[in-house]
Number of protein chains: 2
Amino acid sequence: MNSGDKVFCTYADTRLKGTYITERDGKAVIKLDSGYNIGVEPALVEKSESVPAKHPEPKKIEQNEKLSKLSIISTGGTIASKIDYRTGAVTSQFEADDIIRAIPGLKDIAFFNAHVPATILSENMTPTIWRTLAKTIYDEINSGVEGIIVTHGTDTLAYSAAAMSFMVETPVPVIFVGSQRSADRPSSDNVMNGMCSAAAAKSDLGEVAVVMHATTNDDTCAIHRGTRVRKMHTSRRDAFRSVNTPPLGKVDYPSLDVKLDSHAVRRGTNEPVLNDKLEEKVGLIYFYPGMAPEIIRAHDRYKGLIIAGTGLGHTSSACIDSIRELCENGTEIVMTSQCLNGRVCDRVYDTGRDLLAAGIIEGEDMLPEAAFVKLMWVLGQENDHDRIKELMQTNLRGETGGCTPHGL
Amino acid sequence: MNSGDKVFCTYADTRLKGTYITERDGKAVIKLDSGYNIGVEPALVEKSESVPAKHPEPKKIEQNEKLSKLSIISTGGTIASKIDYRTGAVTSQFEADDIIRAIPGLKDIAFFNAHVPATILSENMTPTIWRTLAKTIYDEINSGVEGIIVTHGTDTLAYSAAAMSFMVETPVPVIFVGSQRSADRPSSDNVMNGMCSAAAAKSDLGEVAVVMHATTNDDTCAIHRGTRVRKMHTSRRDAFRSVNTPPLGKVDYPSLDVKLDSHAVRRGTNEPVLNDKLEEKVGLIYFYPGMAPEIIRAHDRYKGLIIAGTGLGHTSSACIDSIRELCENGTEIVMTSQCLNGRVCDRVYDTGRDLLAAGIIEGEDMLPEAAFVKLMWVLGQENDHDRIKELMQTNLRGETGGCTPHGL
């Protein structure tokens, strides 16, 4: 069997049609016509027709050097992984050609340089890769490009966008984009998201943002601030939502008209700065009723801990002694809310006041995930508790403040 | 100083007006005119006028015995805690009179019996109190009331509603209600929520539900299924939202017309059953990039663990060995998604397939918090892995299945 062969296979007693990709761990990997990959016993796979798979050498794409220059930085994920139609697998041989072949409209928008600092499923993102990514972005900014597109798996895209917001100050747009449905599925969002990300990367924006479908229609992408965005659905194309703030703007499709809101940071506002120190010993826990204090204490050697408490930022009284112990031993604990929307306020109820007395820092209206990344970054810069607290409560990258009543 | 005295106090160098409540831990507790309580040095409090606080003996409320009978079960929280205007504090001397005095319209709706199985801030809810609450609800059902209202702090209200959904099968409405703003604030939601909860408790519903403001206007309450609701804002009155399913219905205000959706379970469908066994050794963790496997292993003596993974239900590959170890040692691990909306599917990507091979159970489209409560309950009934898996993936109380595309 060769990669690309059309096959029938039997899976869960059902006969399915698909494309043979490769053999892995003793299983034949088949891309079903539905777009999903499955692994089946090789003996249960048969060629469906005699037409051999064709692997024509892909043509070199001619780019127009007179257009504005954009960088495209790939880290893997669905939007990148489906570019190679022959195997359905992630390719590390990623060049500008590959993405232009997948999204031909791009070559009318800009001249692209491509970089591949990582090829991972985004759930495997780590602080180490964040540092490599930050350096790549910073170098590309300094090379003079008009904007940068970062393709990224959607699982941890929002965490990475928040991380880059803190690690790199940028005068040009740094646009994270992903795809919820792979290119070989009829409902794929990769072309529209890719085109809109390029338009946003050429726009007047001057900050780190995420560009993804705004609705389930193919007519608008939203531009979300990197520190205020969250993946709010497992599979919908409009899964990404701004929380506690309106989106920075939108990109109409197919016109590619970009409209930026007044609170979006404009191109050229900031000088490029790379500050990639991160304290990796930071945790994030969501409180739940009956949580044993031992779960707090399991973080006693952590430099930092984000708690996503209930409501205005609470844990049970039973957890407060352990929280105090950690604070006294130098763990910086920041309280956020598992409500996600709204602002923490620990001065209203007794439990909150007890938590403040125990030493927690109120995380204002930051998303728990953005607060997690910010605390890693702040602890990479500072040792002094008062200064750490001040930075955590200061709006550095639009991650807090300006909460609107329309944020839900 | 007497409870109820009008005072001026100085807090953070600001002169504030309020009402003296009591002295606690060496601090004078003042209810500010904004509705918030603060604790200040007693020396910084002065009476604002010479009019002494009046504590007239509250009149006995006449209830109409010819009306339908409802039970009101109080567990504490903002809606109950502000009923005693004199002290602003939680009272355990809670009688039907107290809530009717706070919401006088109730006495035209029904004849109320009151019970106080607990008086807690809801972040201190525990499985033990859930058992007491379940027994109280079950006994009230058997006493022949037409419906039950449970007043509850909003922090963990959704967890408790999910817990009661599993622990008590009910032929009559069991309506959880809370208040995001206390009764002494102009924007309080306690009267409208209380009135709508009584209307819902008399309706044709036959399941556990949550009744809270549907919008920021005072015109409609939503009726949410107990296993599908989540507090999605720290302070807004419409913080409670149905996830992955539409609300069960709504109550218009002030008409109190109840409209139930076709998927709402109707009155009399189920016989009363109390099944209050819970396995308390169950945890809930939200995965984040770079999470150390030691955080998984900190749960190695747990009988059950819910993971809220990224996207379709993923952790990093680095965590999978620890997950496998726990599964092999008998911890039941159920995967849900931190996206909250949408369905877990671990068959799409390699990481998901590896997690399935390690032994996780897919949590379908259950909220992590509902799955957490359900797993405690299922492990209270069953020891056999296959049977536990089957129950976790079976729709028992509307907690999974029937996912609509409008759930976001």
Side-chain angles (χ1 to χ4, degrees), chain A residues 36-39 121-127 153-156 159-160 216 231-236 238-239 280 283-292 294-295 298 308-318 337 339-345 347-351 353 368-369 372 405 408, chain B residues 36-39 121-127 153-156 159-160 216 231-236 238-239 280 283-292 294-295 298 308-318 337 339-345 347-351 353 368-369 372 405 408:
Chain A
Y36 286 123
N37 291 354
I38 59 168
L121 294 164
S122 79
E123 57 269 30
N124 291 324
M125 182 55 74
T126 63
T154 57
D155 268 38
T156 63
Y159 292 88
S160 293
T216 52
K231 183 174 179 177
M232 291 300 294
H233 199 281
T234 60
S235 61
R236 268 168 59 156
D238 60 338
E280 298 193 15
L284 165 60
I285 60 179
Y286 276 59
F287 171 77
Y288 52 87
M291 174 182 264
E294 72 196 36
I295 299 302
T310 55
L312 291 165
H314 301 135
T315 67
S316 63
S317 301
S337 175
C339 297
L340 305 177
N341 300 279
R343 177 176 289 274
V344 160
C345 184
R347 284 152 292 165
V348 180
Y349 293 103
D350 283 350
T351 307
R353 288 189 290 265
E369 298 85 356
F372 162 72
L408 188 60
Chain B
Y36 286 123
N37 292 355
I38 58 170
L121 294 165
S122 80
E123 56 269 29
N124 291 324
M125 182 54 74
T126 62
T154 57
D155 267 38
T156 63
Y159 292 88
S160 292
T216 52
K231 183 174 179 178
M232 291 300 294
H233 199 282
T234 59
S235 60
R236 268 168 60 155
D238 60 338
E280 298 193 15
L284 165 59
I285 60 180
Y286 275 59
F287 172 76
Y288 52 87
M291 174 183 264
E294 72 196 37
I295 299 302
T310 56
L312 291 164
H314 300 135
T315 68
S316 63
S317 302
S337 175
C339 297
L340 307 176
N341 299 279
R343 179 177 288 276
V344 160
C345 184
R347 286 152 291 166
V348 180
Y349 293 102
D350 283 351
T351 307
R353 288 190 291 266
E369 297 85 357
F372 162 72
L408 188 57

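Here is the naming used below: chain letters follow the sequence lines, and residue numbers restart at 1 for every chain.
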> As an exercise, state the distance from OG1 of T315(A) to CG of D155(B), rounded to the nearest 0.5 Å.
10.0 Å

> Where does S337(A) contact chain B at under 4.5 Å (heavy atoms): side chain, backbone, both or neither?
side chain

> For chain B, find which of T126(A), V344(A), L284(A) contributes the most heavy-atom pairs closer than 4.5 angstrom.
L284(A)

> If you take all heavy atoms of L340(B) and L340(A), which pair is closest and at what distance?
CD1-CD1, 3.9 Å

> Is it the case that the side chains of S317(B) and N124(A) hold a donor-acceptor pair, with the cut-off being a distance below 3.5 Å and no angle test?
yes

> Nearest 0.5 Å, what's the CG-CG distance between L121(B) and D350(A)?
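So the gap between those two atoms works out to 6.5 Å.
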
> Looking only at heavy atoms, what is the nearest atom pair of M125(B) and P289(A), with distance?
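What the structure gives for the nearest pair is O-CB, 3.7 Å.
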
> Against chain B, label E294(A) side chain, backbone, both or neither, depending on which of its atoms sit under 4.5 Å from a heavy atom there.
side chain

> Quick check against the 3.5 Å criterion: does T310(B) have a side-chain atom that pairs as donor or acceptor with the backbone of E123(A)?
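A pair under 3.5 Å: no.
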
> So which part of Y159(A) gets closer than 4.5 Å to some heavy atom of chain B, the side chain, the backbone, both or neither?
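The side chain, not the backbone.
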
> So for I285(B), is it side chain, backbone, both, or neither that comes closer than 4.5 Å to the heavy atoms of chain A?
neither

> Please identify each residue that fulfils ring-ring contact (aromatic ring centres under 6.0 Å, His included) with Y288(B), with sequence neighbours left out.
F372(A)

> Using the side chain to side chain contact (heavy atoms under 4.5 Å, CB included) criterion, which residues pair with A298(A)? Sequence neighbours excluded.
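Counting only residues at least two positions away or on another chain, A298(A) forms a side chain to side chain contact (heavy atoms under 4.5 Å, CB included) with A298(B).
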
> Heavy atoms only, distances under 4.5 angstrom: which of T351(B), T216(B), T156(B) has the most pairs with chain A? Name it, please.
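It is T351(B).
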
> Looking only at non-hydrogen atoms, find the nearest pair between K231(B) and G311(A) and report the distance.
NZ-CA, 3.7 Å

